[in-house]
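Data block below; observations after.
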Amino acid sequence: MSTTAPLSDHLRAHARRRLDRVEPSDEGRNARLALALIDAACYVDTLPEDDPVIVALRETGMLKPDGFEPGDREAQLLAEWSGGDPAQLLAALAR
């Protein structure tokens, strides 16, 4: 298993939770966010293990061989992320 797999798995799980939300008035927002999270997970899968953002996430202790454990700030960032460039999301997580 690569060292990036726990992060991409976490993003996919977060996407599944978004898809499971039933909010009739969200006008497709949860579905769009789920797709953006899946896109981010696919992006993570393309990164080499020595990518600076992956190294930074490991150094913070969030990215471990057996899982990705975001802190409160990072969890909030994922919950509020409205989509966009996956590289920007990862850079924000690594700050």
Side-chain angles (χ1 to χ4, degrees):
M1 177 191 284
S2 77
T3 59
T4 60
L7 176 55
S8 61
D9 290 347
H10 182 86
L11 293 170
R12 284 185 179 89
H14 198 65
R16 280 189 295 277
R17 286 190 295 275
R18 280 283 182 184
L19 287 174
D20 288 342
R21 286 187 177 176
V22 177
E23 297 174 3
S25 63
D26 84 344
E27 298 178 352
R29 180 176 179 272
N30 284 318
R32 284 190 302 279
L33 291 176
L35 289 173
L37 288 164
I38 291 168
D39 183 44
C42 292
Y43 174 74
V44 167
D45 288 339
T46 69
L47 296 176
E49 295 183 11
D50 62 348
D51 184 275
V53 76
I54 298 301
V55 171
L57 289 170
R58 278 197 312 262
E59 287 175 353
T60 65
M62 286 185 283
L63 182 56
K64 301 174 183 181
D66 61 343
F68 178 70
E69 299 171 9
D72 292 339
R73 182 191 70 82
E74 295 81 15
Q76 188 67 30
L77 181 73
L78 286 171
E80 294 175 353
W81 190 52
S82 60
D85 183 4
Q88 290 178 335
L89 172 64
L90 294 180
L93 288 172
R95 282 190 200 122

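Every heavy atom of this structure was used, including side-chain atoms; hydrogens, water molecules and symmetry mates were not.
The two residues G83 and A36 make their nearest non-hydrogen contact at CA-CB, 3.7 Å. Taking all atoms of both residues into account, the shortest heavy-atom contact from E27 to R32 is O-NH1, 3.0 Å. Scanning both residues, A91 and V53, for their nearest heavy atoms gives N-CG2, 4.0 Å. Summarising the geometry of A75 relative to P70, their closest heavy-atom pair is N-CB, 4.0 Å, with the distance given to 0.1 Å. Residues I54 and P48 come closest through the heavy atom pair CG1-O, 4.1 Å. Of all heavy-atom pairs between S8 and D45, the closest is OG-OD1, 2.8 Å.
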Exercise. Do L11 and H14 pass the side-chain contact (heavy atoms from CB on, under 4.5 Å) test, and can you show the C-alpha distance, the side-chain angles, and the key distance before you say yes or no?
Worked result: CA-CA 5 Å; L11 293 170; H14 198 65; 5.6 Å; no

For this session: Check the pair T46 / T4 against side-chain contact (heavy atoms from CB on, under 4.5 Å), numbers first and verdict last.
Result: CA-CA 9 Å; T46 69; T4 60; over 6 Å; no

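Within 6.0 Å of the CG atom in D66, the count of heavy atoms belonging to other residues, nucleotides or ligands exceeds 12.
The residues D26 and R18 are annotated as not salt-bridged, no charged nitrogen and carboxylate oxygen being separated by less than 4.0 angstrom.
Looking at heavy atoms from C-beta onward, V44 lies out of side-chain contact with P86 at the 4.5 angstrom threshold. Contact annotation: the side chain of L78 approaches that of L89 to within less than 4.5 Å [non-hydrogen atoms, C-beta and beyond]. When side chains are defined from C-beta on, C42 counts as touching R12, because their heavy atoms get closer than 4.5 Å.
Separation of atoms CD (E69) and CG (L63) is listed at 10.0 Å; rounding is to 0.5 Å. The distance from the OH atom of Y43 to the CG atom of L90 is 6.5 Å, given to the nearest 0.5 Å. The OG1 atom of T60 sits 13.5 Å away from the CZ atom of R95 when rounded to the nearest 0.5 Å.
Taking hydrophobic clusters as Ile, Leu, Val, Met, Phe, Trp and Tyr residues chained together by side-chain heavy-atom distances below 4.5 Å, L7 does not share a cluster with I38. Residues F68 and L33 do not share a hydrophobic cluster, defined by chaining ILVMFWY side chains whose heavy atoms lie under 4.5 Å apart.
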